[in-house]
Every structure is written in C-alpha cells, then in structure tokens.
2 protein chains.
Amino acid sequence: MTSVISVPLPQSPYEIITNPGNLSKLGNYLATLKLGKKILLLSNAEIFEHYGEIALNSLQQSEFEVSVHLIPAGETHKTLDAIAKIYDTALEKRLERSSTMVALGGGVVGDMTGFAASSWLRGINFVQVPTTLLAMVDASIGGKTGVNHPQGKNLIGAFYQPRLVFIDPLVLKTLPEREFRAGIAEVIKYGIIWDADLFEQLEQAKSLENLTDLPDSLLEMIITRSCQAKVDVVSQDEKESGIRAILNYGHTLGHAVESLTGYSQVNHGEAVAIGMVAAGKIAVKMGLWNEKDAQRQRALIEKTGLPTQIPSHLDPNTIIDILQTDKKVKAGKVRFILPTAIGKVIITDEVTTEILQNILQES
Amino acid sequence: MTSVISVPLPQSPYEIITNPGNLSKLGNYLATLKLGKKILLLSNAEIFEHYGEIALNSLQQSEFEVSVHLIPAGETHKTLDAIAKIYDTALEKRLERSSTMVALGGGVVGDMTGFAASSWLRGINFVQVPTTLLAMVDASIGGKTGVNHPQGKNLIGAFYQPRLVFIDPLVLKTLPEREFRAGIAEVIKYGIIWDADLFEQLEQAKSLENLTDLPDSLLEMIITRSCQAKVDVVSQDEKESGIRAILNYGHTLGHAVESLTGYSQVNHGEAVAIGMVAAGKIAVKMGLWNEKDAQRQRALIEKTGLPTQIPSHLDPNTIIDILQTDKKVKAGKVRFILPTAIGKVIITDEVTTEILQNILQES
C-alpha cells in the first residue's frame, strides 16, 4: 500500500511517499515533479552496489540524464572537502538550476547531498531516498543538511527542504541489525514525545530486535507513524526556534556519550536510547513523571536490544562538563527534554548539576 | 535625513537604512533587532583600516561582544577555503544561533559573509554594511550570497537574506573613482530597466564621473532610488524564477567581456556599461527600441566616463561562444534583456547569432 504524508511547509511543501518496491518507480515519481532532465545520483559504494542499478534504471527509463557521484562511507568523510568534490562533479556534468541531486543512502549521504544541493547555483532540486531506518524516520525529514567541522558535528550546513522523500521499506532487508536497532531508538522516541499509540503498538509487538522478525505491515506502520510524528513537529517549527527542540529527547546526554566514546563504540541510536533512559530517571527524580511509565520505556528499549546504561568507564563529571559546552546550552543552562507522560514531554532548563550527578552516579 | 526602505519578503522582511554618518550608530540600530550578544565583524584590511574602529566602537558601546575576521581583499580570495577559515573563527569565538555576522565592505566581503552566515549552525544572523557604491545599490540587496568555484564565478552559494542593510554614504568619500563609476553603471541600469525618472535626473546631473563633484543630496537620491528599484524587483521574485532576470540587463554580454579579459582589465561596472550599450544596439536593430533613446543611454554612460565599446582585441566569435555556455542559457538559447523604452525592458531569447555577429563586428 502506498502511504503519502504531506509536509505542509509554506514555501516548500513536499510529500513523503512510502511503498514496498518503490525504488523501481523512482523515475515515474520524479517525472511528475516538473524537474529538469539532469540528475546527479549520490550514494556510497556499498549502497550503490545493492540499489544503484534499480534506481539508475528507473530514472533512465523515465528519460532522465543521470550521472553518479559516490561519497566515501562514514561520518569521518562528512566534510567540507567532500562537498567541494560534489561541486566539481556538478560543474563537470553541467548541472543547471532545474537539475536535481538525489541522495540514495543513509543520513550521511542525505545530509551531504542536501547541503551540496542547497549551495550549488544557490540551490537546485534535492530528493531523499533514505536506505536506513534512521534516515527514513529522522534524518531525511525536516530539512537539516550539512557536514561536520573538524571540531564539531553538523556545525556547517543549511536548512534546505527536499522536493520529495521517497521510501522503499524493502531496502531495509540488507540493513545490518545494529543499524536497524539504531533506527528503532528514534521510533521509540516518537512514541514518548508525541504518539502514545505508537508506543503501545511497539510494546505489543512480539520482537523488535531484528528486522527479519518484523511483519511487513508492522514495519510500514513504524515508518509512516514516525514520519508523521516528525512532520507534525517540524511543520510547526521549520527553523528550530521552539517546539522542534522536543525531537532532541534523549539527545542531550546521548550526544555527550557519543562524543566521549569517539562516535564509534556507541552509535547514534544506542546513545539516544541511553539518553532516553537517563532523561526518564531525571523526570522521575524531579517528580515530573511516574516510575511506572519510566519502567515501561526502559522495558521497551531493552526489548529492542538497545543499551540502557551509560558505559561504565565514563566519568560522570566529564559528562557534565561536555553537557555544559553543548550547542543546545542557552545562557549556561543545559536544556533537557523530559517526559511527563507517554506521548508528552516538556522542555526545561531546571535540571540542576546535583540531580545530574545523582542520576549519572547511580547509572 | 534617514531613508528607510522596507524589503517585504514574506519569511524574512528587513530594512535598508541610509543616512550620512550612520556608521557610528551601527550598534544602536543592531540593538533594536533582538540579536544575541556576539558579533563577528568581517572586513578586509584596507576597509577595516578606514572604518573598522568607528564600527567596532559603535558596536561595543551598545554592549555587543565583537570579534573581527579579516578576509584578503579581491575576487580571487572569494573561495570555499576562505569560507572554511571563517568557520574556524566562528568556532573559536563560539558563535551561537543568535549571533550575528556583520559584513563591512564591498561585494566580495558581503557575498562571503552572507554565505558563511547562511551555513554556520544552519544559519545565523547576518547584517550588510556596504562600503562601495556597487555593493550599496546592488550586491547587498536581494540575498544572493556565495563564492566562486575555480572554474566559474558565484557557482557556490545560497539565497540568504540579511537582517538589515545599513548604508552610510559618507564612507564613499574614500572610494577610488574607478570603483565609484562601476557603481554608477548599475545605477544607470536601474534607470533603464525600472525608473525613467531616475534616468532623467542622472541626465540632468552636471557630472557623474567623480564622486567629489556630486552634491550629497544627489548621492543619497542615487543610492535610495537604486535600492528601491532593486527591492521592487527582488521582492516580486526572491529566488530568481521570473522578473528578477531583468536585473541582468547589460550583464549577458558584460559577463562575457569580464571573463575574456580575465576579470581584471575591465571591471564589473565597466563590463555592464559595455553590455548595456550593446543591448541597446541589439534592441534598435530588432526594432524594439528607438534610436534616440539608445543614444540617450549611450550619452549618459559616456558622461560618467564608463566605456561603451567592446575592447577591440576581443574576437566576436569567441564572445558568441562564451555567451552560449553562460549559466543564463536555457535550452541552448541565449537570453537577453532588451530595452523597449527608458524605464522598461523585456526578456527575450530571440536574439539570433546573426544579429549578434552584426552588432559585435560593428562595435
């Protein structure tokens, strides 16, 4: 079944289309968008080996003139230098204002393609074809694009909306389990911050640890409900000046854990899972949330096989230091997103250093 | 007298404020915009030597925390590498989302500052304080920001609007004559494409060759009427999909001349002047414009001391080749902006290669 979610941004509305087998119809869909003939397809070698041919054939059958630019895989290549190489290809292939960059890949490919598209000829068309669960339910939606500065993640970039987000859940069949679970962490996040019914459906699911255990209908529900939650939030706050901050639930502590473990030992989804459990504890300690719901959150995270504990070798005081230099700090106060019910969170800067030390020491 | 022009863009309205002596009030004005405390002031060494202290004092008196980043002067330094250096300073000074980059300089400083501001933390505040006539009446308005690719001008960049354009005509007193004339070329352009009355006032002015001959009131009129013309056009077409193209009057041929002379022998304004005279001839040849008005345009350009002839060593066929690879080419046809009256132009792709050869050979 095809699911279509509209993203009602005033200047640049677009749709998120989800359908198993979609990838072979990519060309058909793009043909309806009144784009120029030229497409630059961006991917990494591994993803391109799996899905490049299907995407390429589909685009060529719809008479697009397609070139391919491969980006080295991994966060360490998410740099301004790699963007400069995309510009070189854009020039060589003579992309025009009406041309389109298509991102076939996970978050890194999507973020880089979006930033390159936003800044070539002051903005050309951009389409997201996410191939990881994390990119499907999070990174591909909302217009955040960019690269890392040698001294910090995602410091360089732009808000730039895609013309289309095109999701084929079948491509997840080749996704490594650990990456799949990283996506599930964000799905649970949407359950806590926005959609209590999604949370309950996840609780009722037999298993969430492994993609192969999941019925297709559950997988589609997970993707579309998560996308809808993100769209609901983002369309109220395109440039992240208010409510959009709730999407950072679990991320405040999560980022600190990622950064202290060098972005390799603990992946993003795992760090968010750890951050959500900690945020739950803080909320309970502050009397904002009941213990029972916090336990339900923890149990669901455990069921997926995601971690719930801060790695024991990390020093609580070092974590607190990192929190206080995070870019989400306002006037020296660390901003936390804390649950008050399943499906509801608040934004607060009233978490004291004392509470933090307390929670981090008992973890 | 303070002139305030409103730029009514739906998502990001701002004002252009012009007043002799403005520079010493920069801090006061910025204090009204609800910006964060941190400002990064960008300039080049020469401009900063003249005006840095006034700007800095004014900002510091209004209690902004100001850092300075100097960009090497000139178009050859308008590169992605130079942007990366701005990012380094932004990181070192810990700019936040609410911080502001202020461009104190000509078009190069403004374009680079705007692009850096658009892409640091996915967009921070940006203020234009143009110090050349060309930047005041053209580059600082309209949100075009960016840098050059080694193989082409302004290929990398973003549409990004300033929070304020702040003009002090007195800073033009130190502008070299030739640069002043380059700005006057764009002013004449506005007369032809939009504002017949501005054109007539320029015709009546005793001299336009030298800034020191100009009464202050005439200079202010020139700046504000030109800004208004650009705002009228840009606010109808923020992303350059239609009418905004008329701002390229004189630029089609102008760019070819600039590029063939290596961007040094003929400056931008001079190239535009040459391009306008040629466009006038084409319009007359095609029966779109009367000979008398074309003569008036030529006479006004001559009065300013700007060139009217294509440099004689340039080969007409080489120029035509360059025109046909210009980024304004649509489906192989060269798009020209041609006058039909003083104050009115049309956009056409019906200029044949034959007409072009004809005009270029007789020049």
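A note on names: the letters A, B, ... follow the listed sequences, proteins ahead of strands, and every chain is numbered from 1.
- Interface residue B:F115: only side-chain heavy atoms are found under 4.5 Å from chain A.
- For A:L91, the part sitting under 4.5 Å from any heavy atom of chain B is the side chain, from C-beta outward, and nothing else.
- Using a 4.5 Å cut-off between heavy atoms, A:P10 touches chain B through its side chain atoms alone.
- Within a 6.0 Å sphere centred on CD of A:Q60, other residues, nucleotides and ligands contribute more than 12 heavy atoms.
- In this structure, A:E63 places its CD atom where only 12 or fewer heavy-atom neighbours from other residues, nucleotides or ligands lie under 6.0 Å away.
- Contact check for A:I156 versus B:R122: no side-chain heavy atoms found under the 4.5 Å cut-off.
- When heavy atoms are compared at a cutoff of 4.5 Å, A:K144 approaches chain B by way of both its backbone and its side chain.
- Summarising the geometry of B:H149 relative to A:Y87, their closest heavy-atom pair is CD2-CB, 4.1 Å, with the distance given to 0.1 Å.
- Heavy-atom distances place the backbone of B:T145, and not its side chain, under 4.5 Å from chain A.
- One distance of note links OG of B:S119 with CG of A:L80; it measures 8.0 Å at 0.5 Å rounding.
- Contacts between A:D88 and chain B at a heavy-atom distance below 4.5 Å involve backbone atoms as well as side-chain atoms.
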